There are 2 protein chains.
Amino acid sequence: MLVTNIIVVPTPKTIRTRALLQETATRLFAEQGYDATTVDQIARTAGVSHMTFFRHFATKDAVILDDGFDPTIAAAVAATPSTLPPATRVCTGLRAALARIELPDQELVRQRVRIASQHPALRIGMYANTEATREALVAVLVEDGGEEFAARVAAAAVLAALTVALQEWCQSDDELPMSTCLNAALAVVEGAGS
Amino acid sequence: MLVTNIIVVPTPKTIRTRALLQETATRLFAEQGYDATTVDQIARTAGVSHMTFFRHFATKDAVILDDGFDPTIAAAVAATPSTLPPATRVCTGLRAALARIELPDQELVRQRVRIASQHPALRIGMYANTEATREALVAVLVEDGGEEFAARVAAAAVLAALTVALQEWCQSDDELPMSTCLNAALAVVEGAGS
DNA sequence: AACGATAATGTTAGTCACTAACATAATCGG
DNA sequence: CCGATTATGTTAGTGACTAACATTATCGTT
């Protein structure tokens, strides 16, 4: 039997280099802009070669777009009652998942989304990431007996609303909580039937 | 006063070259795949230089992704009653707009979406295109007195559902009409409130 | 502490999408 | 037919990303 989905435990050095590259890149992007910063410069500033960069991040934009929230969101959606319509499940799960993100982490997210929202290439990267999140949710919903097409539509629509909510939130001042933007966005989606 | 949105009337030669490049690219992509086809090859096969290609299409993927449906969709949404919730307006407008596409054109759309759906880079390009369509709809909804954030959320969510519907439709046989997939997708979104 | 296996990194050379600058040729109104 | 505009070509370049192979860290074991 072929073993798939082998979980590779990252070595300490890998974690360090990866974090160093992300911090370096985020700082350089903020200081001089995304286009004016080359992968080579990020790598050299972090004291590594450009090959090491691409071994940690598949693309230039991944260095700022990669987050690890998919499992959290998927688990939260899985925890909702499978009797609800798929779109409602995704909405409810999202609210629960994002409420679980710690405040300091929220500030990091806000900073990254702020940078990403300002550049077309990075916004496109966000949409690309959404596809992976969407399929993770489809897997959860289908496992619970949901129909695949409906699951995919529900996940895609609600995640699109989330993306807009994040872009709105990242531009606001530090007081506005993420949940306010998210709830406002989900209310719009949930009002589509009237 | 600064005049924006100047409408440039394309010269006959421009239209011909553009169409030739699109046909050539579509054929080459279908024959040998997207990655195995270089921009240079498309240009040479069409009898032009690669600079001419980029003067007609901003990126490699634009040659197969560019369509001119945004004005049609925007007009159809504008024609819906402005008293309805924004998400409902976009749903209704979409149904009307896509019903207006002629059957032969639908076959072309299907062929292109089919190619685009199979390649990550092209799917991402579809998401990027959605952003322009979304903002066109936001402009329509806001003009009618809608709130901008709600308009953007509604447009984003419904267009995400449309994208999923198109991907489902393009894989089906020639008998299944686009409207069937679209209606199924919109029903999921409209069921989010229950 | 020396050893060997494994994982991380470096070097080099290359492909290809995409751009800037400038030169040339096709087109079209008068 | 001519002059102005528009489409196209040439060339040289940048930068993201990859393949192949060599080198160095890291770490458990003896």
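Chain identifiers are assigned alphabetically (A, B, ...) following the order of the sequence lines, protein sequences preceding nucleic acid strands; residue numbering begins at 1 within each chain. All values derive from a computational prediction rather than experimental measurement.
Within residues 120-133 of chain A, no residue has any heavy atom closer than 4.0 Å to DNA chain D. Near DNA chain D, meaning a heavy atom under 4.0 Å from it, residues 21-43 of chain A has A/Thr37, A/Thr38, A/Val39 in order of number. Taking every heavy atom of residues 47-65 of chain A and every atom of DNA chain C, pairs under 4.0 Å involve A/Gly47, A/Val48, A/Ser49, A/His50, A/Met51, A/Thr52, A/Arg55, A/His56, by number.
Crowding of A/Gln32 atom CD: a count of heavy atoms from other residues, nucleotides or ligands under 6.0 Å exceeding 12.
A salt bridge is absent between A/Arg152 and B/Glu168: the closest approach of a Lys/Arg side-chain nitrogen to an acidic carboxylate oxygen does not fall below 4.0 angstrom. By the 4.0 Å N-to-carboxylate-O rule, A/Asp144 lies close enough to A/Arg89 to be salt-bridged with it.
Of the possible polar contacts, none joining the B/Arg134 side chain to the B/Ala156 backbone as a donor-acceptor pair under 3.5 Å is found.
The aromatic rings of A/His50 and A/Phe54 sit perpendicular, their planes meeting at an angle over 60°, well past the 30° parallel limit.
Scored by the ring-ring contact (aromatic ring centres under 6.0 Å, His included) test, A/Phe149 finds no partners at all (sequence neighbours excluded). Take A/Arg55 and apply the salt bridge (Lys or Arg N to Asp or Glu O under 4.0 Å) test, not counting sequence neighbours, and it matches no residue. In this structure B/Tyr127 satisfies the ring-ring contact (aromatic ring centres under 6.0 Å, His included) test with no other residue, sequence neighbours excluded. Looking at residues two or more places apart in sequence or on another chain, you find a salt bridge (Lys or Arg N to Asp or Glu O under 4.0 Å) between B/Arg27 and B/Glu31.
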Could you pull out every donor-acceptor pair under 3.5 Å between side chains of residues 96-107 of chain A and any protein atom, sequence neighbours left out?
unit_1	atom_1	unit_2	atom_2	d
A/Gln106	NE2	A/Ile101	O	3.3
A/Glu107	OE2	A/Arg110	NE	3.0
A/Glu107	OE2	A/Arg110	NH2	3.4

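Its side chain within the 4.5 Å cluster rule, B/Val142 clusters with B/Val138 among the Ile, Leu, Val, Met, Phe, Trp and Tyr residues. Counting side-chain heavy-atom gaps under 4.5 Å among Ile, Leu, Val, Met, Phe, Trp and Tyr, A/Ile15 is found in no cluster with other residues. A/Ile124 belongs to a hydrophobic cluster with B/Ile124, counting contacts under 4.5 Å between side-chain heavy atoms of Ile, Leu, Val, Met, Phe, Trp and Tyr, direct or through other members.
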For nucleotides 23-26 of chain D, list the nitrogen or oxygen atoms of the protein found under 3.5 Å from its nitrogen or oxygen atoms, one pair per line.
unit_1	atom_1	unit_2	atom_2	d
D/dA25	O3'	A/Lys13	NZ	3.4

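Going from atom CZ of A/Arg44 over to atom P of D/dA16 covers 11 Å, rounded to whole Å. Atom pair B/Arg18:CZ and D/dT8:C1' shows a separation of 17 Å (rounding to whole Å applied).
Contact annotation: B/Thr17 does not reach the phosphate of D/dA7 (side-chain N/O to OP1 or OP2, under 4.0 Å).
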